[in-house]
There are 2 protein chains.
Amino acid sequence: MNESSLVKEETRNKVLSVIHKFNYQPNLLGRDLRRSETMKVLVLTPALEQSIFADIVKGIEDRGKEDGYYVLVCPTSNHANRERELFQMLQHRLADGVIVIRSTLSKEELSGLGQKHSIVQCLEITDASYTCGVSIDDEQAAFDAVSRLIELGHRRIALIGGPTLNNSTRLREQGYRRALNQSDIPFRQEWVKYGDYDHHDGEVLTNELLELQHVPSSIFCMSDSMAIGCVNAISKAGYKVPEDVAVIGFDNTREATMSLPALTTIDQPKYDLGYTAMNLLIHNMTSTEKIYEHVKLTHQLIERASTMEKEKE
Amino acid sequence: MNESSLVKEETRNKVLSVIHKFNYQPNLLGRDLRRSETMKVLVLTPALEQSIFADIVKGIEDRGKEDGYYVLVCPTSNHANRERELFQMLQHRLADGVIVIRSTLSKEELSGLGQKHSIVQCLEITDASYTCGVSIDDEQAAFDAVSRLIELGHRRIALIGGPTLNNSTRLREQGYRRALNQSDIPFRQEWVKYGDYDHHDGEVLTNELLELQHVPSSIFCMSDSMAIGCVNAISKAGYKVPEDVAVIGFDNTREATMSLPALTTIDQPKYDLGYTAMNLLIHNMTSTEKIYEHVKLTHQLIERASTMEKEKE
DNA sequence: TTGTATGCGTTATCAT
DNA sequence: ATGATAACGCATACAA
């Protein structure tokens, strides 16, 4: 009597009253076994403290609620083995699908899992087969950011990137190079640094840049956290943002507006990213015509106080 | 053939090879239904970004691993309805037990759930029946902190507390009053403020204290985050910590050592709190002799630079 | 030492 | 419109 179908009102009520009387609680294990589906979805996320992940998860949860899915959020701390443990839940039929945010697993591993299960990658997309993914166009986003710096009059543009293993880091560096190329600005390896997406690495790498003989006039960072570390390092070194060195961040997280000066940054549609990912997952879990695409949502350059028109030198 | 018991080596290998050949993965739904236990434990935590919760969860996970439990960490954002949703998983036999860190549910609600399920409270303990809890002795901890301030020569001691609904807030305030009493220092209501455990409220409430006609010479905060906000407010107002106003925090989180000056604080044994909570939960899930106690672990006053011997006035 | 039947709680199918 | 029965995958108890 789950759905009201073809039962007499009277008996229906009778059953309902008995259910209430004995405080009957369905044993979902029985149901799940019988239906061989659990209505549970795992979300693997590096962490929850960074607001970008929390926002994505919100989108996932909202979309999941529409179809009555249990969304279980599992922080992995970027630990590949924890990720594998959680994927085991799929094999063990304890969950129906997985959305993995910035996975640390290899393309091969994901492809293997994707053949038997429904997997959606988010933010960080490998071209693994049998999986789909949702992100922005990272190459284009970086191109847009760097192009804007060039428009503003910059020619000495440094790059502070994420982990070199990440596909998105590679793509964004490509966008950076394409923008330089287009304006015939030579690429300089010494102006390209890599690190983790956090505040600390942003500060350390910026210090390295500031100690160079040729100091860049602007720095494009691959996360807002890094950009904040970057701004701090610049200020501590006695320079001014944006007059001496302009800074662009990435993600448009809350902290981007809280820094001083507020960060120019690339907005990622975080909530929509999550919502779309869950949408894809639900489709692939329920339909037989699987979608194995890389969906790209639109980003946006948000201009704030950390960049400005460059004065002639 | 889970445990090697009384089966011929030969047949055992034969089975194993077939298992491998077909890449057999046990369907845990079947097992769980049959055994009517899931080996899954839910951890309900307000958030994960605050390191105190992460540390407790670590203790829980380690103890869980010893007995092969799946530990599912579920952030609730202090949202009571989300908490209730998760408790539903118990009713639906999707999990065997719950550890709830700083629950927002009422004593009555927890008692009701406790009658049918295994529940352990952590950090914030109501005296709900049919549940047990693990925390420090909050009253004594506050007493120790305030007594130390008195020893250092302070008599104008303010209190910045957590949410008034919390039992621990009440207990800690009792400890504060007992310490004052013992030294015949009159209690002043205007020197007692309440707010959320975060940095922001610490700053706001401290500003209120500094604007009073009689400014306290020391402030006891119920969290390190509050204490850091407190230190910032004091510095911004042109006073010096600890010379003008001494500050004591609570929890001994990472941030306590990162602030300037480093915080004197009450150490909570976070990892052990989690480990002990899981220990209790496992006991109550597996044994018929339930333990419904409030276990108190020992705290410790850690003295750092935010307090010092007070000069004679 | 190995094989076989039964039931966990639910839903789907079939017969009334 | 309702009642009866089988089956999901596993573990247990018992028979062989």
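In what follows, every heavy atom counts, from backbone to side chain, and hydrogens, waters and symmetry copies are set aside. Everything quoted here is computed from the prediction, not taken from an experiment.
- A straight line from CG of A:D96 to P of D:dC8 spans 18 Å, rounded to a whole angstrom.
- Looking only at side-chain heavy atoms (C-beta outward), A:V73 and B:C74 stay at 4.5 Å or farther from each other.
- A:R31 has a side-chain polar atom (N or O) that falls below the 4.0 Å cut-off from OP1 or OP2 of C:dT11.
- Here the C1' atom of nucleotide C:dT10 and the CD atom of B:Q91 are 18 Å apart, to the nearest Å.
- As a whole-Å value, the separation of A:R35 CZ from C:dC8 P is 21 Å.
- Heavy atoms from other residues, nucleotides or ligands lying under 6.0 Å from OH of B:Y194 number more than 12.
- The neighbour count for A:Y130 OH, taken as heavy atoms of other residues, nucleotides or ligands under 6.0 Å away, does not exceed 12.
- Listed pair A:R34 / D:dA7 fails the phosphate criterion, with no side-chain N or O lying under 4.0 Å from OP1 or OP2.
- The closest donor-acceptor contact from the side chain of A:D96 to the backbone of A:T38 lies under 3.5 Å.
- Judged by the 6.0 Å distance and 45° axis criteria, A:R82 is not positioned over the aromatic ring of A:F87.
- Here D:dC10 presents its C1' atom at 13 Å from CD of B:E37, a figure rounded to the nearest Å.
- Across the protein-nucleic acid pair, B:D32 atom CG and D:dC10 atom C1' stand 10 Å apart, rounded to whole Å.
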Inset, instruction - Kindly express the pairing pattern of DNA chain D in dot-bracket notation, using | wherever a base pairs with another strand and counting only Watson-Crick or G-U pairs under 3.5 Å. - result: ||||||||||||||.|

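- Distance CG (A:L28) to C1' (C:dT10): 10 Å, rounded to an integer number of Å.
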Legend entry - Worked check of side-chain hydrogen bond (donor to acceptor under 3.5 Å, both in side chains) between A:R93 and B:N27: CA-CA 6 Å; A:R93 315 261 145 192; B:N27 181 330; over 6 Å; no

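- Contact annotation: B:T11 side-chain N/O to C:dT1 OP1/OP2 distance is not under 4.0 Å.
- Across A:H79, A:R84, A:E83, a single residue satisfies side-chain hydrogen bond (donor to acceptor under 3.5 Å, both in side chains) together with A:N81, and that is A:R84.
- Distances from the side chain of A:L33 to the nucleotides D:dC10, D:dG9, C:dT10 place D:dG9 closest.
- The residue among B:S36 and B:E9 whose nearest nucleotide of DNA chain C lies closer to the 5′ end is B:E9.
- Atom CG in A:L29 sits about 15 Å away from atom C1' in C:dT11, given to the nearest Å.
- Between the P atom of C:dT11 and the NE2 atom of B:H92 lies a distance of 11 Å, rounded to the nearest Å.
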